[in-house]
Amino acid sequence: MNQLRHVSFRRAPVFGSDVRNVFEQLFGNEIAAPVTATQSAWAPHVDIREEDGRFLILADVPGVNLADIEIEMEKNVLSIKGERKAFASETEGKFSRVERATGAFKRSFTLPESANAEGITASGAHGVLEIAIPKKAQSAPRRIEINAAG
């Protein structure tokens, strides 16, 4: 005769949101997984601010040569592309921890209709890229007079 047994599963405690955190909790910080292409995908963090006469995008790009960053504007979409290269090759030493992501990135932003694409400027210092997007001059509402006939 078949006997059915009730089996219950209990979820194991997790020390973080990913497996790497669990290993660090169990083994300490000595274990570092090698960085692969999927782990190295990154994108700079940005702040976007609207001011009276412009929009301002501030992007964190430490370790990226500003001359290698491409900024393009097409159909009201601003794109920022670049690459952060590795600082040292693995042949120069054994890393016990690798957290800085490297590789190519691309960020795109749809600009509002009030943005003046022709006047966009970019500058950078101390690992921060600043993109200033001026606003178009707004036309004031015009009152239209009605000509009364007769």
Side-chain angles (χ1 to χ4, degrees), residues 11-150:
R11 182 172 273 180
V14 179
F15 301 104
S17 62
D18 62 9
V19 175
R20 181 180 211 111
N21 287 340
V22 173
F23 279 105
E24 286 177 0
Q25 289 288 331
L26 294 174
F27 301 109
N29 292 331
E30 291 87 30
I31 296 176
V35 176
T36 63
T38 57
Q39 290 175 325
S40 67
W42 75 285
H45 294 269
V46 300
D47 292 337
I48 302 173
R49 185 170 65 212
E50 181 175 2
E51 297 175 349
D52 287 336
R54 68 179 184 167
F55 300 97
L56 192 62
I57 298 176
L58 302 169
D60 287 341
V61 289
V64 178
N65 186 352
L66 294 176
D68 294 339
I69 295 176
E70 296 177 24
I71 302 172
E72 296 177 347
M73 178 72 176
E74 184 178 348
K75 296 182 182 177
N76 236 29
V77 176
L78 179 80
S79 297
I80 306 168
K81 293 187 282 189
E83 181 177 3
R84 181 164 45 199
K85 296 179 173 57
F87 293 99
S89 68
E90 289 184 347
T91 60
E92 294 178 19
K94 181 180 177 184
F95 289 97
S96 61
R97 185 177 195 90
V98 176
E99 292 186 350
R100 294 182 298 175
T102 59
F105 66 86
K106 181 177 181 180
R107 295 290 309 261
S108 297
F109 307 94
T110 302
L111 299 180
E113 293 296 322
S114 60
N116 179 2
E118 301 302 319
I120 296 175
T121 59
S123 61
H126 307 292
V128 178
L129 174 66
E130 180 178 303
I131 303 171
I133 307 154
K135 292 181 180 179
K136 293 178 183 174
Q138 294 181 349
S139 57
R142 192 179 100 197
R143 183 176 173 111
I144 301 169
E145 296 291 327
I146 301 172
N147 293 327

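In this chain, numbering begins with 1 at the start of the sequence shown. Being a predicted model, the structure only gives us computed values, none of them experimental.
Minimum heavy-atom separation, P134 to A132: CD-O, 3.7 Å. The two residues A117 and M73 make their nearest non-hydrogen contact at CB-CE, 3.7 Å. Shortest non-hydrogen contact noted between K136 and A115 is CE-O, 3.2 Å. Contact record, F55 with P112: CZ-CG, 3.4 Å, taken as the closest heavy-atom pair.
If you take CD1 on I131 and CZ on R107, they are separated by 10.5 Å, rounding to the nearest 0.5 Å. Summarising the geometry, atom OG1 belonging to T110 is positioned 12.5 Å from atom NZ belonging to K75; distances are rounded to the nearest 0.5 Å. In this structure, OG on S123 lies 4.5 Å from CD on E130, to the nearest 0.5 angstrom.
Between the side chain of W42 and the backbone N or O of F105 there is no donor-acceptor pair closer than 3.5 Å. Looking only at distances, no side-chain donor or acceptor of K81 sits under 3.5 Å from a matching main-chain atom of A104. Side chain of D60 to backbone of P44: no donor-acceptor contact under 3.5 angstrom is found.
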Inset, instruction - Could you please spell out the steps behind the side chain to side chain contact (heavy atoms under 4.5 Å, CB included) verdict for I57 and L78? - result: CA-CA 10 Å; I57 298 176; L78 179 80; 3.6 Å; yes

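Residues E83 and D68 are not in side-chain contact: their nearest non-hydrogen atoms beyond the backbone lie 4.5 Å or more apart. Looking at heavy atoms from C-beta onward, V61 lies out of side-chain contact with R84 at the 4.5 angstrom threshold.
The environment of E118 atom CD is sparse: at most 12 non-hydrogen atoms of other residues, nucleotides or ligands sit within 6.0 angstrom.
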